[in-house]
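Only one structure is covered here, and it is reproduced in the block below.
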2 protein chains.
Amino acid sequence: MQEQPRITEAEWEVMRVIWEQEPVTARDIVDALEPVKEWSEPTVKTLLNRLVRKGVLEFSVEGKRYRYSARFSRESCVRAEGLSFVDRVFDGSTTPLLAHFLKESKLSERDIRELKKLLRDKEADR
Amino acid sequence: MQEQPRITEAEWEVMRVIWEQEPVTARDIVDALEPVKEWSEPTVKTLLNRLVRKGVLEFSVEGKRYRYSARFSRESCVRAEGLSFVDRVFDGSTTPLLAHFLKESKLSERDIRELKKLLRDKEADR
DNA sequence: CCCTTCTGATTACAGACGTAATCATAACTA
DNA sequence: TAGTTATGATTACGTCTGTAATCAGAAGGG
């Protein structure tokens with residue numbers, strides 16, 4: 001499998017829609033982004049083109065239009081981006097990162113329960 | 001206080017050194033980065049210049065050289081970068097982010113204890 | 001059959017970025 | 001005092017990014 005290409009900030013916006021609705025037409029993407037970003041249609045098309053050229057997206061031809069889908073799972077892209085982030089900002093160590101976001105965030109009762117459970121699981125398989 | 005400018009990937013490398021040793025000369029930075037990055041001296045100087053122009057760094061003149069220091073704390077830059085990251089990749093919600101990094105990371109006994117404590121604190125002040 | 005329209009492709013373009021060579025100037029050394 | 005050296009400034013330059021206008025071809029409407 002190919003090296004994970006970098007996804008830029010604007011491209012993430014497009015990918016979000018794709019992962020939610022793939023395989024999806026350019027039209028659908030433009031519509032889905034309409035309320036969120038003030039992008040002209042050509043702008044979205046350009047992003048799609050770049051993502052295809054980078055190998056992040058593929059498409060199947062359907063009549064005169066394309067249906068785009070991702071060649072990498074969201075999970076794998078999240079993992080790559082997460083690694084780059086923790087390297088850049090936390091010097092590669094996850095614990096300070098966790099501590100940071102724990103402090104920053106407001107968590108619901110349920111969130112806390114879930115995270116506690118994850119911690120317990122973590123403890124279990126050591 | 002001024003808007004937090006964006007810090008690029010290469011710039012973070014420089015900032016790491018600055019926050020550790022500020023106020024610091026260009027020479028020190030070049031030396032500190034020597035083992036880590038294969039950057040020529042002019043490259044580092046350029047990054048310093050850009051950071052100054054962006055308002056992230058300031059310097060005091062000391063004889064023929066400058067001593068650089070940060071105009072923003074590491075914490076505040078980490079916070080800004082963290083916000084941008086959680087928005088981009090986790091659609092703004094911290095809990096999935098925490099879950100993700102919890103699963104990804106291998107934690108020591110001590111790490112787990114620390115995180116549990118943070119969770120308890122979180123619970124306390126709800 | 002011609003005109004509009006939809007859709008992807010091509011081109012554009014300014015600013016950011018990574019990386020660095022070169023320049024000017026002051027200081028140090030022989 | 002002239003040449004070397006250290007240091008910041010200026011210039012360079014290809015690529016990436018964000019944002020978009022324009023183009024070409026196909027398809028549908030009259």
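Note on naming: letters A, B, ... go to the chains in the order of the sequence lines (proteins, then strands), and numbering restarts at 1 for each one.
Side-chain N/O atoms of B:Thr43 include one lying less than 4.0 angstrom from OP1 or OP2 on C:dA20. The phosphate of C:dC17 has OP1 or OP2 within less than 4.0 Å of a side-chain N or O from B:Lys54. Side-chain N/O atoms of B:Lys64 include none lying less than 4.0 angstrom from OP1 or OP2 on C:dA27. B:Thr8 has a side-chain polar atom (N or O) that falls below the 4.0 Å cut-off from OP1 or OP2 of C:dG18. Applying the 4.0 Å criterion to OP1 and OP2 of D:dA6, one finds that B:Arg27 has every side-chain N and O outside that range.
Residues B:Asp28 and B:Thr25 have side chains that bring a donor and an acceptor to within less than 3.5 angstrom of each other. Counted by atom type alone, A:Thr95 and B:Glu114 present zero donor-acceptor pairs between their side chains at under 3.5 Å. Judged by distance alone, the side chains of A:Glu104 and B:Thr94 never bring a donor and an acceptor atom under 3.5 Å apart.
Of the candidates D:dG8, C:dA21, D:dT19, D:dG8 carries the atom nearest the B:Ala26 side chain, counting heavy atoms from C-beta on. Nearest to the side chain of A:Lys45, among C:dT19, C:dG8, D:dT7, sits C:dG8. Looking at the side chain of A:Tyr66, the nearest of the listed nucleotides D:dG8, C:dT19, C:dA9 is C:dA9.
Of the residues near DNA chain D, A:Ile7 and A:Pro42, the one whose nearest nucleotide (by heavy atom distance) lies more toward the 5' end is A:Ile7.
As rounded to whole Å, 8 Å separates atom C1' of C:dT19 from atom CZ of B:Arg50. In this structure, CG of B:Leu33 is placed 14 Å from C1' of C:dG18, rounded to the nearest angstrom. Atom CD in A:Glu9 sits roughly 11 Å away from atom P in C:dC17 (whole-Å rounding). Residue B:Leu47 contributes atom CG, which lies 11 Å from atom P of C:dC17 at whole-angstrom precision. The interatomic distance linking A:Glu62 (CD) with D:dA27 (P) rounds to 13 Å, in whole Å. As rounded to whole Å, 17 Å separates atom P of D:dT19 from atom CG of A:Asn49. Computed from coordinates, the A:Arg65 CZ to D:dA26 C1' distance equals 13 Å when rounded to whole Å. Rounded to an integer number of Å, the gap from B:Leu48 CG to C:dC17 P is 15 Å.
For D:dA20, the base has no donor-acceptor partner in the side chain of A:Ser40 [N/O atoms by modelled type, under 3.5 angstrom].
Using a cut-off of 4.0 Å between Lys/Arg side-chain N and Asp/Glu carboxylate O, A:Lys54 and A:Glu11 are scored as salt-bridged.
Across all strands, A:Glu13 comes closer than 4.0 Å to no nucleic acid atom at all (heavy-atom distances). Residue A:Thr25 is out of contact with every strand shown, counting any heavy-atom pair closer than 4.0 Å.
Nearest heavy-atom pair, B:Trp19 versus B:Phe72, reported as atom, atom and distance to 0.1 Å: NE1-O, 3.0 Å.
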